Number of protein chains: 2
Amino acid sequence: MKNPIEALNKIFDSRIRLGVMSILIVNDSISFNELKQLLELTDGNLASHLNTLEQAEYLKVQKSFIGKKTNTTYIITELGRHAFKAHLDALEKMIRGI
Amino acid sequence: MKNPIEALNKIFDSRIRLGVMSILIVNDSISFNELKQLLELTDGNLASHLNTLEQAEYLKVQKSFIGKKTNTTYIITELGRHAFKAHLDALEKMIRGI
DNA sequence: AAAAGTACTTTGTTTTTCAAAGTTACTTTA
DNA sequence: TAAAGTAACTTTGAAAAACAAAGTACTTTT
């Protein structure tokens with residue numbers, strides 16, 4: 001048997017980043033505020049996790065306006081989508097003992 | 001929609017503890033050394049994660065002898081089994097967006 | 001008798017997490 | 001027009017967690 005955890009992605013060790021990704025994977029885009037309210041996080045905490053995901057190029061930031069008010073939304077990248085799916089696959093395999 | 005991450009168990013944020021549990025759930029018992037080799041960890045690191053799981057009462061330790069050599073094995077508890085399953089359920093629900 | 005193995009504990013550094021406060025750039029209300 | 005509010009951060013600093021390396025006590029192998 002080989003090491004069952006090596007295929008797991010360290011970036012997804014965090015519940016918060018896992019939550020962000022699971023939201024982004026089913027939503028075309030979501031705003032900072034929606035994420036903040038959904039996940040019940042402080043601004044700083046959310047911003048830093050989003051930053052980690054952006055550094056990894058798992059999501060990208062889109063700045064737009066709603067009327068004259070700025071609105072920042074986050075969109076998953078292809079890389080992010082693949083990384084997330086690969087992680088879930090690895091998890092499933094690990095649990096199944098494959 | 002409600003907070004999708006609140007049902008996730010913080011103890012299972014760690015890949016290593018997730019790995020230990022996924023091994024224990026399908027094996028009646030496993031030794032320290034087997035875990036160490038499988039997960040490719042240093043003694044100290046493995047011991048501390050096992051300790052976290054033991055504190056949570058998710059596993060118990062069984063000391064025995066193979067000949068005159070001590071052999072420490074780890075066994076999942078009912079609490080551990082339930083906690084792990086609940087975590088996986090929560091994960092699945094989160095991903096499915098339920 | 002020396003070297004190696006088992007299962008840790010201890011020590012200390014590095015990394016991660018997080019809240020709180022501060023900041024910038026608006027917009028809205030009084 | 002001044003004060004207050006909102007959005008989306010950044011900075012700061014503290015606490016917690018992760019980890020490697022070394023130490024320990026005992027046993028077994030060479």
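Chain identifiers are assigned alphabetically (A, B, ...) following the order of the sequence lines, protein sequences preceding nucleic acid strands; residue numbering begins at 1 within each chain. Being a predicted model, the structure only gives us computed values, none of them experimental.
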message = Distance check needed: C/dT17 P versus A/Lys10 NZ, whole Å only.
response = 12 Å
inquiry  = Nearest whole Å is fine: how far is C/dA19 C1' from A/Glu40 CD?
reply    = 16 Å
ask   = Between atom CG in A/Asn71 and atom P in C/dC26, what is the gap in whole Å?
value = 15 Å
ask   = Among residues 43-61 of chain B, which residues get a heavy atom nearer than 4.0 Å to DNA chain C?
value = B/Asp43, B/Gly44, B/Ala47
key: A/Thr72 side-chain N/O to D/dA8 phosphate OP1/OP2 under 4.0 Å   = yes
task = With sequence neighbours left out, write down each residue that passes side-chain hydrogen bond (donor to acceptor under 3.5 Å, both in side chains) with A/Lys10, or none if nothing qualifies.
result = none
ask   = Taking atom types as modelled and ignoring hydrogens, do the side chains of B/Ser31 and B/Glu34 form a donor-acceptor contact shorter than 3.5 angstrom?
value = yes
ask   = Of all residues at least two apart in sequence or in a different chain, which pass the side-chain hydrogen bond (donor to acceptor under 3.5 Å, both in side chains) check with B/Glu40?
value = A/Asn3
request  = Enumerate the residue pairs fulfilling salt bridge (Lys or Arg N to Asp or Glu O under 4.0 Å) with a member in residues 41-65 of chain A, sequence neighbours excluded, ordered by first and then second residue.
outcome  = A/Lys36-A/Asp43
message = Tell me whether the side-chain N/O atoms of B/Tyr74 come closer than 4.0 Å to OP1 or OP2 in C/dA7.
response = no
inquiry  = With salt bridge (Lys or Arg N to Asp or Glu O under 4.0 Å) as the rule and sequence neighbours excluded, what pairs involving residues 16-28 of chain A come up?
reply    = none
query = What pairs meet the ring-ring contact (aromatic ring centres under 6.0 Å, His included) rule with one or both residues in residues 27-63 of chain A, with sequence neighbours excluded?
reply = A/Phe12-A/Tyr58
request  = Please work out which residues in residues 11-37 of chain B have a non-hydrogen atom less than 4.0 Å from an atom of DNA chain C and list them by number.
outcome  = B/Phe32, B/Asn33
inquiry  = Between B/Thr42 and D/dC19, is there a contact of a side-chain N or O with OP1 or OP2 at under 4.0 Å?
reply    = no
query = Looking at residues at least two apart in the chain, or sitting in another chain, which of them share a side-chain hydrogen bond (donor to acceptor under 3.5 Å, both in side chains) with B/His87?
reply = none
key: Residues which pass salt bridge (charged side-chain N to carboxylate O under 4.0 Å, His left out) with B/Asp89, listed by chain and number, not counting sequence neighbours   = none
